[in-house]
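Here is the structure we will look at, set down as structure tokens.
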Amino acid sequence: MVVERAHRILGILDDLERTVAGYRGLGGGRLVLAGTTTLGTYLLPRLLSDFSARAPKVACQIRVGNEEAVESWLLRGEVALGLCAGTPRDDQLLAQGMFEEAMVLVAEPSSPLAGRTLRPADLADERFLVRESGSATRRLQEAALRTWGLEGAQQWEMWGSDTLKQAVCQGLGLAVVSEHVVRQETESGLLVTLTVQPALPTRTVSLVRRADRVLTPPEEAFVSLVRTVGEWPV
């Protein structure tokens with residue numbers, strides 16, 4: 001009984017906030033966004049920087065979690081918009097594809113695998129570092145290993161993108177990650193990208209919202225901004 005009434009109260013407060021925000025336009029209010037670990041860390045701050053320049057009086061918040069957490073926040077109405085990889089699993093959520101990003105296989109610079117074109121057989125004895133369960137990247141990593149016929153390869157689980165990158169830098173194994181997660185490391189020479197045939201497919205970055213949610217002016221403005229970007233901002 002308490003939970004049911006609490007949901008009603010929170011729903012009324014959300015409706016009130018959206019109504020007030022409608023009167024304010026972009027002259028006030030707040031924008032609460034969520035992103036999966038990779039997208040929330042490496043993409044949302046860049047997009048929010050552009051948004052804040054256009055609407056400096058709107059208070060902004062970014063939440064970062066794995067795919068399950070982001071979908072849960074959206075369903076509970078705690079956030080209005082989320083950036084996720086691929087299509088959400090719940091029918092109450094709507095997704096619109098926004099960007100394409102490449103997945104790459106990275107290793108430490110001294111790896112004997114660097115500098116040549118590899119076949120899956122060349123990777124059979126390697127250890128692969130993977131993200132935690134519930135991560136969108138983890139699903140893509142597992143799909144990559146299936147594509148290469150390497151499901152039985154040794155795998156170590158690492159929680160979080162930064163832990164994963166540091167583990168690769170220390171020579172603990174190879175990792176399939178978003179190209180944007182390791183951009184600084186590959187440009188600085190801390191990591192190298194390996195060339196493997198067949199190459200990994202790109203993945204779609206989607207803007208996700210709850211189907212029945214009426215967006216406030218700041219939320220609508222952010223959606224419009226993302227639509228105009230067209231590709232991952234650099």
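The shown structure was predicted, so the numbers you read here are calculated from the model rather than taken from an experiment.
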Should [X] and [Y] be regarded as members of a common hydrophobic cluster, given that ILVMFWY residues are connected when their side-chain heavy atoms come within less than 4.5 Å of each other, either directly or indirectly?
X      : Y      : result
Phe222 : Val64  : yes
Leu33  : Leu215 : yes
Val176 : Leu145 : yes
Leu194 : Val106 : no
Leu164 : Val104 : yes

Within a radius of less than 6.0 Å around [atom1] of [X], do more than 12 heavy atoms belonging to other residues, nucleotides or ligands occur?
X      : atom1 : value
Glu151 : CD    : yes
Asp125 : CG    : no
Glu220 : CD    : yes

Query raised in the report: Between Glu219 and Leu31, is there a donor-acceptor pair closer than 3.5 Å when you use the side chain of the first and the backbone of the second?
Result: no

**Report entry** Flag, side chain of Thr147 to backbone of Ala143, donor-acceptor distance under 3.5 Å
**Finding:** yes

Requested in this report: Quick one: sort the Trp148 and Phe128 rings into parallel, tilted or perpendicular, breaks at 30° and 60°.
Outcome: tilted

Query raised in the report: Which heavy atom in Gln141 sits nearest to a heavy atom in Arg131, and how many Å separate them?
Result: OE1-N, 2.8 Å

